[in-house]
Amino acid sequence: MSPDGATPIVPQAQESGIKAALKYTGVPQSWLSKRPKLPSRNWLIFIGVTSTVTGYYLYDRRQCKAIRQAYVDKVKDLAEAPLRTHDYPRKVTVYGAKWPDDEDSDRAIKYFRKYAKPILVAAAVDYEMIVGKRYGDIASRVADEIKSRRRLEAGIDSPKQSIIIKAGDQSPEAKRQRELEGGIVLIGQPTFKEFMEGLRRGWTDGVEKVDKEDQLARELEADGKFDEVEEPISRVDTESLSDGEPLPTKSRLPPSTGLFTPPYLRPSSDTKSSSASLSSSIPESLNIPPVSIPQRPPILFVPFTNYIGFLQIPHMIWDFFNQRQKVLSGAQCAYRLIKSHTRPFEPSMDLDSGLDAERYYKSSMKKYAESVEKIRTGYYKALPDKLKTARDLARGNREPTKDEINYPPPTEVELRAERLKKELRWRSDVAGWDIIKPETPVAFDERFNGALQIFVDPPDTQTEL
Amino acid sequence: MSFLGRGPVAPSSAGPLSSERVEAAIQEVELVTDVFNRIVSSCHSKCINQRYLDGELSKGESVCIDRCVAKFFEANKRMGEKLQTMGAAAG
């Protein structure tokens, strides 16, 4: 340093071009001669953290795009193939059941739409998405389809004649061939369980058409809940009937055919015989489960875990920053489906394929049956009051109050309908949860052994993009 | 189908060629043609590549057109119902 305290940088005559030029632009000299300095420690921390997070996010999304584009490029040549006017494209059915305790029943299908669908669209494979809105929906749907197909084959039902004339080969063999070429996509472990249960039920139960609501209505009105009872007996009523079973001691209560039960709801003495007459129209031989099951279209199992709940928030955050793994998994599954290499179903390996997803079910679901029971008892406790109001108003025992004129309370018919609906919903929910819960193993039947196939990776897959 | 459901109310059967029925038929044909033209133009612009070498529809285009037409009909139907309820509520 010079003794007179001059600035360290002495302006020389041979300054670099920029500095010389900038001297004349009006920029203050002190700015030009400053040394670059690191920002303070706090700023450094802030900038470091923010740029790490943002950078990781951007890296992840860029990788997602790259992976997706790579897989799309692999398959898009398939879409160039011509399709004559009378041909059908390949069509797969996608099942997505409701994840336990999720309010949004669409999560599984959204996963499919986001991660697997782009590849399928690029390969020109048509898909049909079926959402299970409540627990057990997919199982009952699959079972009903199988039963209606059994009925068709047995000749009980005749095939529907549609007025629309469809082009192309509509014969049953061609339809069956198309269906076998298609495929079934199951997203998530609950869907898998429900599907297998539906298969088992479809091939094990009898073939007659059972109207669930009808059956339930019959069962419920044999119940004493809507009985014409006096106040003291009504307390006994609700205590003894907490589980909805038909009254064992009917003689204790006044007859349940009150003046106001509509005729079709009066308990008939021969409920058994009426249901027997329904099934007798179908020969018994068809009700026996068949010994062998025809081929089903191959199954693709898409692993999917839905994170719900406060304790799983770290998983959610990790997922947000690592979507490329989901993209990769979804794209690989779709690629498998498109390439269509199948192998027969191996019970030892495949039944356990999605078990680790079950660890993420909320633990509050263990008490699901009890919570439904609680709601049910609460409802039945409140029911006699509502019933009394309805009956009093209907018979004119008392005049309606001003509130009741403005907001008319439900009549008895409405109460019955409401009860039927609620019971149907509770029972199907509890039955559905029974299928999905971790304690229940995946349903399997020996007859499935030769009939099911799984999509696998084609033999020439590379493990990376 | 949407247009069949929304078509004009069947007039009195006053003879096979009454002017009412002819009018109704003409309206329905116009309606159907209009919907058809819209579908063709919209799905063509969305689904079919502008440059092509082959006259045959490829699989991708065919699947895309299937979906386009299905969605169009669905949207058309819902709009029709909505307009009907709005018209009924208003008038």
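Basis for what follows: all heavy atoms, side chains included, without hydrogens, waters or symmetry-related copies. Bear in mind that the values here come from a model prediction, so they are computed numbers and not experimental data. Below, chains carry the letters A, B, ... as their sequence lines are ordered, and counting in each starts from 1.
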field: Minimum heavy-atom distance between Glu56(B) and Pro82(A), given as atom pair plus value
entry: CB-CB, 3.7 Å
statement: Rounded to the nearest 0.5 angstrom, the OG-CG distance for Ser62(B) and Asp126(A) is 8.5 Å
Arg176(A), CZ: over 12 other non-hydrogen atoms inside 6.0 angstrom: yes
Region of Asp66(B) in contact with chain A, defined by heavy-atom distances below 4.5 Å: side chain
- prompt: Got a sec: does the CD of Glu128(A) have more than 12 other heavy atoms crowding it under 6.0 Å?
  reply: yes
- prompt: If every non-hydrogen atom of Pro89(A) is compared with every non-hydrogen atom of Val63(B), which pair is closest and at what distance?
  reply: CB-CG2, 3.5 Å
- prompt: So does Lys59(B) have more than 12 non-hydrogen atoms from other groups sitting under 6.0 Å from NZ?
  reply: no
- request: Report, as yes or no, whether the 6.0 Å neighbourhood of atom CZ on Arg61(A) holds more than 12 heavy atoms from other residues, nucleotides or ligands.
  value: yes
